[in-house]
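Every chain is numbered from 1, with letters handed out A, B, ... down the list of sequences.
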Amino acid sequence: MIPVADIVFYLLAAVLVIAALRVVTTRNPVHSALFLVLTFFTAAGLFVLLRAEFLAAILVMVYMGAVAVLFLFVVMMLDVDFAELRRGALSHLPVGLAVGGVILVELIIVALAQHSAGPVTEPAVAVPNTLAIGRVLYTTYLLPFEIASLVLLVAMIGAIVLTLRKRPDVRKQVISHQLARTRDQAVELKKVASGEGA
Amino acid sequence: MLENYFPVLVLLAIAFGLGIVILAASYLAGIKRPNAVKRSQYECGFDPLTRIRLQFDVRYYLLAILFVVFDIEAAFLFPWAVAFRDIGFLGFVEMMLFLFILLVGYAYAWKKGALEWE
């Protein structure tokens, strides 16, 4: 019996790591965003292997369908010259190394705290994953859930305030104006004497 | 359970393989005689006047942001609906509050005309 699930796991994991590395190493920002999409997709595959189909679907729909598209929009809108930005980046190397080192130490501590990672393709919870999320999200994590809605509200209003510009010169169809128009406003009748109209 | 996803795996493998076959076949079998004119950007007749990267209008970004927000709102509804019997009346009230807060944003967007395309 070939362990198909394990093979798929290692395949997806390898693609994920390579794609994630390419996100930060590629020179073209558009390619970078597309590698990010690949990273999300392979991560969704890993979720499916853990029987977390809901998370996989969310990753595909929200992250790939919306967030990655947003990144692409930003890249296309700003037209940033990344070669220009990278110039002088070496001077920030000490700070970057310090932050990266701290994160690395944290990751090692978390990895050591786990007794074992367990089988890579076994279900993480016994009940269906959507049900498991629903049971804790709306009871234990009630407050973060409600705060999430406020964060979304801030994001929405902020985006509208920052980007919405009315164009004064745009002609638009306003149906109520059209319907409110009466015969008197639209038609003018002139009585022209016979033979004098020219 | 995981066996149900085997067709998806097969589909992915076929799609990936087909993509590689098509690219490789055209790379190997195609005739490549590039010259400066062939490799330039396409503009009808004259030399390119601008860079090929066009800047998007910022309003696409606004639409995308609004899409993300309502996408996430809809995503939160799924586990709520599945776990509805377990979380009781409190869960119902919570979700109504969640929806109300986002409804405020929706009303704001509507009132401001952010959903209209000029």
*Asks:* Is it the backbone or the side chain of B/L99 that comes under 4.5 Å from a heavy atom of chain A, or both, or neither?
*Replies:* neither
*Asks:* Give, as side chain, backbone, both or neither, the part of A/V154 having an atom under 4.5 angstrom from any heavy atom of chain B.
*Replies:*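 When you check distances to chain B, no heavy atom of A/V154 falls under 4.5 Å.
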*Asks:* Heavy-atom pairs under 4.5 Å with chain A: which of B/V8, B/L12, B/V82, B/L66 has the most?
*Replies:* B/V82
*Asks:* In terms of heavy-atom proximity below 4.5 Å to chain B, should A/F41 be classed as side chain, backbone, both, or neither?
*Replies:* side chain
*Asks:* Under the 6.0 Å and 45° cation-pi test, does B/K32 pair with B/Y27?
*Replies:*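 Yes, B/K32 and B/Y27 form such a contact.
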*Asks:* Return yes if some donor-acceptor pair links the side-chain N/O of B/W80 with the main-chain N/O of B/G91 below 3.5 Å, else return no.
*Replies:*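 Yes, B/W80 side chain to B/G91 backbone: donor-acceptor pair under 3.5 Å.
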*Asks:* Is there a chain of hydrophobic side chains (I, L, V, M, F, W, Y, each step under 4.5 Å between heavy atoms) that links A/L12 to B/F6?
*Replies:* yes
*Asks:* Which bit of B/L102 comes within less than 4.5 Å of chain A, counting heavy atoms only: side chain, backbone, both or neither?
*Replies:* both
*Asks:* May I ask you to name which of A/L70, A/I58, A/L162, A/V48 has the most heavy-atom pairs under 4.5 Å with chain B?
*Replies:*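 Of A/L70, A/I58, A/L162, A/V48, A/L70 has the most heavy-atom pairs under 4.5 Å with chain B.
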*Asks:* What part of A/L150 lies closer than 4.5 angstrom to a heavy atom of chain B: side chain, backbone, both or neither?
*Replies:* both
*Asks:* Chain A: which of B/L62, B/L90, B/D71 shares the most heavy-atom pairs with it under 4.5 Å?
*Replies:*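 Going by pairs under 4.5 Å, I would pick B/L62.
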*Asks:* Can B/L77 and B/M95 be said to form a side-chain contact (heavy atoms from CB on, under 4.5 Å), step by step?
*Replies:* CA-CA 8 Å; B/L77 284 170; B/M95 181 50 87; 3.8 Å; yes
*Asks:* Is it the backbone or the side chain of A/V69 that comes under 4.5 Å from a heavy atom of chain B, or both, or neither?
*Replies:* neither
*Asks:* Has A/R51 got a side-chain atom pairing as donor or acceptor with A/L49's backbone, closer than 3.5 angstrom?
*Replies:*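 Yes, the answer is positive, given that a donor and an acceptor are paired below the 3.5 Å cut-off.
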*Asks:* Heavy-atom pairs under 4.5 Å with chain B: which of A/T130, A/V8, A/T139, A/I133 has the most?
*Replies:*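 Sorted descending by pairs with chain B, the first entry is A/T130.
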*Asks:* Where the side chain of A/T39 meets the backbone of A/L16, is there a donor-acceptor pair that is under 3.5 Å apart?
*Replies:*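 No, the answer is negative, given that no donor and acceptor are paired below the 3.5 Å cut-off.
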*Asks:* Taking only Lys NZ, Arg NE, NH1 and NH2, and the carboxylate oxygens of Asp or Glu, determine whether A/K190 and A/E188 approach each other closer than 4.0 Å.
*Replies:* yes
*Asks:* Heavy-atom cut-off 4.5 Å, strictly under: side chain, backbone, both or neither for B/Y60 against chain A?
*Replies:*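 Interface part for B/Y60: both.
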*Asks:* Is chain B contacted by the side chain of A/L131, its backbone, both, or neither, given a heavy-atom distance below 4.5 Å?
*Replies:* both
*Asks:* Using heavy-atom distances under 4.5 Å, tell me whether B/F100 contacts chain A through its side chain, its backbone, both, or neither.
*Replies:*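 Neither part.
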*Asks:* Would you say A/L142 ends up clustered with B/V93 if hydrophobic residues are merged whenever their side chains have heavy atoms under 4.5 Å apart, either directly or through other cluster members?
*Replies:*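 Different clusters.
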*Asks:* Evaluate the ring planes of A/F145 and B/F98, with Trp represented by its six-membered ring, and classify them as parallel (under 30°), tilted (30 to 60°) or perpendicular (over 60°).
*Replies:*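 Plane angle under 30°, so parallel.
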*Asks:* Please look at B/L97 and chain A and tell me whether the side chain, the backbone, both or neither of the residue comes under 4.5 angstrom of a heavy atom of that chain.
*Replies:* both
